[in-house]
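Below is one structure, written out as structure tokens; the observations come after it.
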There are 2 protein chains.
Amino acid sequence: MDDAAEIPRPRPPRRTDIRRENERVILEAAEKVFAEAGFGGATMQLIADMAGLPKANLHYYFATKEDLYRRVVENIFTIWLHAADSFDTAADPATGIGAYIEAKMRISRQHPFGSKVWASEVMHGAPVIQDYLEGTLRSWTEGRVKAIQRWIDEGRMAPVDPRHLLYMIWATTQHYADFGHQIETLNGGRPFTDRQWKAATESVKAIILRGIGLSTAD
Amino acid sequence: MDDAAEIPRPRPPRRTDIRRENERVILEAAEKVFAEAGFGGATMQLIADMAGLPKANLHYYFATKEDLYRRVVENIFTIWLHAADSFDTAADPATGIGAYIEAKMRISRQHPFGSKVWASEVMHGAPVIQDYLEGTLRSWTEGRVKAIQRWIDEGRMAPVDPRHLLYMIWATTQHYADFGHQIETLNGGRPFTDRQWKAATESVKAIILRGIGLSTAD
DNA sequence: GTATCCCTTGACCATACGGTCAGGAAAAGA
DNA sequence: TCTTTTCCTGACCGTATGGTCAAGGGATAC
């Protein structure tokens with residue numbers, strides 16, 4: 001995509017990438033700090049230190065703390081949405097829902113900070129991303145609800161309220177990120193190993209799939 | 001216990017109750033503010049305003065912001081623990097686990113602020129209540145895990161990992177408090193009615209109980 | 001070379017925060 | 001009534017925070 005001499009002036013963005021790279025570093029640091037301290041507890045100085053940049057430099061790329069925070073939350077929201085793709089590609093409910101649970105568990109492991117920032121934002125009344133809740137999330141949810149209802153109507157799974165099923169999947173999978181510290185403490189202070197993550201995923205899948213009348217075809 | 005003329009001086013605490021009452025008012029306001037703004041975002045002034053007291057009066061009853069916060073979290077923890085009583089009184093797994101889910105759903109409805117403060121505390125690495133996690137919560141969990149494992153060994157329920165079952169119950173029930181705003185938004189911006197809370201509770205119970213091999217004896 | 005543009009940053013500012021304190025009000029005890 | 005204890009609170013303080021700004025690099029374009 002870069003080398004294609006499609007445009008006469010390829011314009012190699014050697015120094016323009018400074019912006020992209022610095023924004024990436026800042027966003028990564030911000031995600032962690034916001035997750036660990038909350039919006040109110042996070043300070044620009046802390047984020048700057050973690051990013052290895054002077055505080056004034058943060059304000060060069062992000063005008064305000066709110067702007068930076070919004071970008072972090074938006075990034076997370078995008079990840080959530082992409083995780084749902086697996087839902088659509090499968091026509092079989094067990095495969096679709098199972099894959100969705102697996103994807104969400106994977107995200108909980110790979111993006112625990114993002115999950116926490118999202119949780120914090122929603123818990124505080126979603127002051128920043130209320131529009132996402134009312135727009136994208138609502139329509140996405142309605143689409144999924146209809147898909148599940150169709151499966152139910154076709155007798156392919158037990159008649160459960162699709163919304164509460166979705167909430168259960170969200171709650172359970174995100175719990176392993178949001179309450180990771182509690183789980184780690186109850187795990188003897190040690191973080192989950194690969195094997196334990198796999199076991200957790202299988203446990204969640206097993207209970208939920210059986211709970212909606214689908215055999216756990218491992 | 002008060003009227004019993006056991007002690008010569010019954011000492012009617014007419015004005016000493018000022019302390020108790022004010023502490024109650026402050027704690028109630030603090031729970032709400034900490035839940036809505038997080039520890040870092042909450043200010044003593046905000047709590048004072050919500051309690052209808054001057055800020056300096058708060059510091060008369062609670063030396064520091066941390067002290068006040070700790071009391072709030074401790075109160076919530078106590079509520080959590082009492083909710084688990086239903087678990088023990090029933091010998092039948094379906095009844096015991098069902099009653100536990102019902103109790104936790106009831107708490108999510110009645111103490112949403114407390115649930116959020118707890119979630120926030122754990123998400124931030126439990127800086128204040130780590131000792132509770134390692135002490136009371138861990139031993140409580142181990143007791144429950146053994147009880148569930150016994151049921152499994154006796155063939156009275158499906159062989160699932162008791163820990164992940166507990167996590168699922170915690171996650172799902174608390175989700176209705178912690179993510180209440182998101183659920184409300186997806187509910188057309190209206191909070192759950194009595195009927196909807198009942199339906200949610202039944203949905204959660206149905207999926208989980210069926211998921212662990214227990215018929216949903218409504 | 002040199003003008004231009006993007007980037008960098010130390011120093012600074014107004015504000016708001018948690019917390020203190022002294023002095024007074026009000027009740028309880030004698 | 002007088003004393004003591006508890007409660008109340010306006011005014012204040014040091015600090016830390018989000019944000020600003022002006023002066024200065026340093027690479028690129030001409």
Side-chain angles (χ1 to χ4, degrees), chain A residues 7-27 29-34 36-73 117 120 124 127-128, chain B residues 2 7-27 29-34 36-73 117 124 127-128:
Chain A
I7 314 169
R9 222 208 301 161
R11 187 188 292 179
R14 214 169 310 178
R15 270 292 162 277
T16 311
D17 278 352
I18 289 180
R19 177 162 221 106
R20 211 188 310 274
E21 172 62 11
N22 277 344
E23 284 184 356
R24 196 192 59 78
V25 170
I26 293 169
L27 283 168
E31 181 177 307
K32 194 170 180 183
V33 173
F34 281 133
E36 287 176 349
F39 177 79
T43 71
M44 294 299 271
Q45 189 61 62
L46 239 131
I47 296 170
D49 291 347
M50 181 150 295
L53 295 170
K55 194 187 72 170
N57 209 353
L58 261 67
H59 282 99
Y60 174 75
Y61 289 106
F62 300 92
T64 69
K65 188 183 176 186
E66 280 82 1
D67 284 349
L68 178 52
Y69 177 74
R70 182 166 240 273
R71 280 286 301 274
V72 169
V73 179
V117 176
S120 208
H124 297 354
V128 170
Chain B
D2 287 310
I7 314 170
R9 223 205 305 159
R11 189 187 290 179
R14 214 169 312 178
R15 271 292 162 277
T16 311
D17 278 353
I18 289 179
R19 176 162 223 107
R20 211 187 313 273
E21 173 61 12
N22 277 344
E23 284 184 355
R24 194 191 61 78
V25 169
I26 293 170
L27 284 168
E31 181 177 306
K32 194 170 180 182
V33 173
F34 281 134
E36 288 176 348
F39 177 80
T43 71
M44 294 299 271
Q45 189 61 61
L46 239 131
I47 296 171
D49 291 348
M50 182 149 295
L53 295 170
K55 193 186 74 169
N57 209 352
L58 261 67
H59 282 99
Y60 173 74
Y61 289 107
F62 299 92
T64 69
K65 188 184 177 185
E66 279 80 3
D67 284 349
L68 178 53
Y69 177 75
R70 181 165 242 273
R71 281 285 300 274
V72 169
V73 179
V117 176
H124 298 352
V128 169

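Throughout, a chain's letter reflects where its sequence line sits, starting with A, and its residues are numbered from 1. Note that the coordinates shown come from a computational prediction; the quantities given were computed from them, not determined experimentally.
The heavy-atom pair separating B:I26 from B:A51 by the smallest distance is CA-CB, 4.3 Å. Looking at every heavy atom in both residues, B:V33 comes nearest to B:M50 through CG2-SD, 4.0 Å. The two residues B:A42 and B:A37 make their nearest non-hydrogen contact at N-CB, 3.7 Å.
Distance from the side chain of B:K55 is smallest for C:dG19 among the nucleotides C:dT8, D:dG18, C:dG19. Nearest to the side chain of A:K65, among C:dT8, D:dG19, D:dT17, sits D:dG19.
The interatomic distance linking B:D17 (CG) with C:dA28 (P) rounds to 11 Å, in whole Å. Rounded to whole Å, the distance from CG on B:L53 to P on D:dC8 is 7 Å. Residue A:E66 contributes atom CD, which lies 9 Å from atom C1' of D:dG18 at whole-angstrom precision. Look at CD on B:Q45: it is 20 Å from P on D:dT17, rounded to the nearest Å. Atom CD1 in B:I18 sits about 12 Å away from atom C1' in C:dA25, given to the nearest Å. The distance between atom CG of B:D67 and atom P of C:dT20, rounded to the nearest whole Å, is 11 Å. Straight-line distance from the NE2 atom of A:H59 to the P atom of C:dC13: 17 Å, rounded to whole Å. Regarding B:D49, its CG atom lies at a distance of 10 Å from the P atom of C:dC17, rounded to whole Å.
For the OP1/OP2 pair of D:dG10 and a distance below 4.0 Å, the side-chain nitrogens and oxygens of B:N57 include no atom meeting the criterion. Phosphate contact (OP1/OP2 of D:dC8, side-chain N/O of B:Y60, threshold under 4.0 Å): absent. Neither OP1 nor OP2 of C:dC6 sits under 4.0 Å from any side-chain N or O of A:R19.
Residue A:A48 is classed as having no contact, given no heavy-atom separation below 4.0 Å to the nucleic acid.
Nearer the 5' end of DNA chain D, as judged by each residue's closest nucleotide, is the contact made by B:Y61, out of A:T64 and B:Y61.
Ion pairing between A:R24 and A:E21 holds under the 4.0 Å rule for side-chain N and carboxylate O.
Listed for the B:R70 side chain is a donor-acceptor partner under 3.5 Å among the backbone atoms of B:V128.
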